[in-house]
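Since the structure comes first, as structure tokens, the remarks are kept for the end.
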Amino acid sequence: MGKLRYPFLNLGTVNYKFAPLLKDAAARVIDSGRYVGGSENESFEQELAVFTGTEYAVGVSNGLDALRLIFKAYIEIGRLAPGDEIIVPSNTYIASVLAVTDCGLIPIFVEPDSRTLNMDTAKLADAISAKTKAILTVHLYGRPCYDEQLAAVATRNGLLIVEDNAQAIGADARYKSKKGTTRTGSLGNAAAYSFYPTKNLGALGDAGAVTTDDVELAMTVRALANYGCDRRYHNIYEGYNCRLDPIQAAFLRVKLPYLKEETSHRRTLAEIYNSSIANPYVIKPKLEAGCVWHQYVLLCETRDGLATYLKNNGVGTDVNYPVPPHLQPCYKRFSNLSLPIAESLATRVLSIPVSSCTSPDDARAIAEIVNAYCE
């Protein structure tokens with residue numbers, strides 16, 4: 001079969017309109033002679049902090065490292081200790097869990113709401129024990145996972161709230177945080193970002209960031225990411241090399257001002273899909289104003305059949321994610337857990353095109369193709 005008429009994602013197409021600006025940014029870094037740290041990183045961090053409504057942003061190497069550094073920093077400053085329990089959703093991408101276990105912390109899985117696909121906050125209270133110290137809330141597929149129940153459980157139990165904001169930069173929650181903000185990345189105590197090329201704000205390689213209002217946490221994350229140094233050749237922590245490359249910072253500075261436009265486009269596509277898809281074999285995602293639609297995820301009992309049918313009709317798809325973390329080979333110790341909702345969703349989720357590669361007319365055509373599917 002030849003090239004798909006409606007590709008799921010083409011990064012060349014995504015970045016084509018930015019190409020002249022990206023080339024200028026690359027030349028600026030090359031000409032600067034500064035290839036680790038420097039003004040590009042500092043400017044991007046300032047611009048990201050303003051965008052998210054936080055006091056501090058620290059650029060790091062990728063989204064997984066952003067999460068790892070947050071948990072490691074909390075251990076270093078005495079807010080967490082190895083063996084503490086961290087609440088995580090059972091249907092997240094494995095990076096969320098890897099960051100927890102890598103720091104010697106214990107993930108406690110909470111099942112998702114099968115309608116929103118986010119962690120079911122009504123189940124949080126039952127998951128809390130004396131060892132629970134934090135909630136890792138994942139804004140999966142670009143939909144905020146933060147509400148009154150989550151905030152109340154965290155407050156009542158003195159828990160940290162760490163946001164995995166890898167898929168939801170620019171999203172708005174329906175419920176305000178203590179500081180009165182609604183934008184994801186500023187709702188909890190700290191947030192992690194991934195700027196992997198496929199994200200709504202994507203670099204041209206790996207990149208990530210941490211945002212927070214906590215100066216001690218920000219300073220600790222920055223030191224840990226730079227070999228544990230607070231100054232040159234003075235290592236106060238057993239750190240890592242997890243710094244953001246300045247060329248990626250420069251690329252992200254080019255694209256950040258266009259993120260609102262990207263979000264608006266994705267919301268338009270989601271509205272078209274929601275108003276046009278009417279297939280009894282398919283469940284559409286819940287439409288919410290604050291979602292930034294990193295993925296538009298359908299549920300179908302015959303997911304693989306639908307995926308094959310769409311491919312045969314020129315529509316690219318993806319599965320996010322086919323295996324929940326507790327069933328991955330590296331986590332055999334969790335394989336006996338009973339997490340039926342996550343396991344069921346993993347067999348039914350199917351993402352259809354929702355990026356700048358897809359036009360509104362494309363979305364209408366894709367909806368018609370979906371509507372013609374029969375099990």
What is the minimum heavy-atom distance between [X] and [Y], and which atoms define it?
X    : Y    : answer
I94  : C330 : CD1-SG, 3.8 Å
A342 : P112 : N-CD, 4.2 Å
N62  : L64  : OD1-N, 3.1 Å
V29  : I247 : CG2-CA, 4.0 Å
A192 : A66  : CB-CB, 3.6 Å
Y240 : C242 : CB-SG, 3.4 Å

Salt bridge (charged side-chain N to carboxylate O under 4.0 Å, His left out) assessment of K123 paired with E111: CA-CA 8 Å; K123 297 176 180 176; E111 287 273 66; 5.7 Å; no
Report yes if some heavy atom in the side chain of [X] is under 4.5 Å from a heavy atom in the side chain of [Y]; otherwise report no.
X    : Y    : answer
S96  : L136 : yes
H139 : N118 : no
L259 : N200 : yes
P324 : E343 : yes
L204 : L11  : no
N91  : Y321 : no
L298 : N279 : no
R333 : T101 : yes

Atom pair [atom1]/[atom2] of [X] and [Y] - distance to nearest 0.5 Å:
X    : Y    : atom1 : atom2 : value
R68  : L98  : CZ    : CG    : 9.5 Å
D84  : Y74  : CG    : OH    : 13.0 Å
K23  : I30  : NZ    : CD1   : 12.0 Å
M219 : L217 : CE    : CG    : 11.0 Å
N41  : R222 : CG    : CZ    : 8.5 Å
L150 : S177 : CG    : OG    : 11.5 Å

Pair [X] + [Y], salt bridge at N-O below 4.0 Å:
X    : Y    : value
E76  : K72  : yes
R266 : E262 : yes
E261 : K17  : yes

Decide ring-ring contact (aromatic ring centres under 6.0 Å, His included) for Y258 and F18; before the verdict, give the C-alpha distance in whole Å, the side-chain angles of both, and the deciding distance to 0.1 Å. CA-CA 10 Å; Y258 296 91; F18 301 114; 5.2 Å; yes
Walk me through it: do T302 and Y373 pass the test side-chain hydrogen bond (donor to acceptor under 3.5 Å, both in side chains)? CA-CA 11 Å; T302 54; Y373 173 70; 2.8 Å; yes
Stepwise side-chain contact (heavy atoms from CB on, under 4.5 Å) check, R115 with I283: CA-CA 9 Å; R115 191 75 180 99; I283 298 176; 4.0 Å; yes
Check whether any side-chain N or O of [X] sits under 3.5 Å from a backbone N or O of [Y] as a donor-acceptor pair, and report yes or no.
X    : Y    : answer
T308 : D304 : yes
S335 : Y331 : no
E85  : K131 : no
D213 : E55  : yes
N157 : L159 : no
R267 : C291 : yes
S276 : Y273 : no
T211 : T54  : no
S344 : P340 : no

Shared hydrophobic cluster, [X] / [Y] (ILVMFWY, side-chain heavy atoms < 4.5 Å):
X    : Y    : answer
V210 : L187 : no
I75  : L224 : yes
M119 : Y141 : no
V110 : V88  : no
L140 : L201 : no

Salt bridge (charged side-chain N to carboxylate O under 4.0 Å, His left out) between E216 and R79, intermediate numbers included: CA-CA 11 Å; E216 184 181 19; R79 297 290 303 278; over 6 Å; no
Proximity of F44 and F195 rings by center, below 6.0 Å: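 Yes: the rings meet the under 6.0 Å criterion.
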Just checking, is any N or O donor in the side chain of N274 or Y296 under 3.5 Å from an acceptor N or O on the other one?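 Yes, Y296 and N274 have a side-chain donor paired with an acceptor closer than 3.5 Å.
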Could you walk me through whether V14 and L9 pass side-chain contact (heavy atoms from CB on, under 4.5 Å), step by step? CA-CA 8 Å; V14 168; L9 182 65; 3.8 Å; yes
Verify side-chain contact (heavy atoms from CB on, under 4.5 Å) between L4 and K311, making sure each step is shown before the conclusion. CA-CA 7 Å; L4 293 173; K311 181 179 179 181; 4.3 Å; yes
Does [X] [atom1] have over 12 foreign heavy atoms under 6.0 Å away?
X    : atom1 : result
F51  : CZ    : yes
K179 : NZ    : yes
Y35  : OH    : yes

Using the ring of each side chain (for Trp, its six-membered ring), is F109 parallel, tilted or perpendicular to F334, with breaks at 30° and 60°?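 Ring orientation, 0 to 90° scale: perpendicular.
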Might you work through the side-chain hydrogen bond (donor to acceptor under 3.5 Å, both in side chains) test for T184 and Y146, ending with a clear yes or no? CA-CA 9 Å; T184 59; Y146 185 87; over 6 Å; no
Go through the steps for R364 and E368 under the test salt bridge (charged side-chain N to carboxylate O under 4.0 Å, His left out), then give the verdict. CA-CA 6 Å; R364 294 183 186 96; E368 289 184 10; over 6 Å; no
Candidate pair R34 and E40, rule salt bridge (charged side-chain N to carboxylate O under 4.0 Å, His left out), full reasoning: CA-CA 9 Å; R34 182 69 184 270; E40 293 293 344; over 6 Å; no
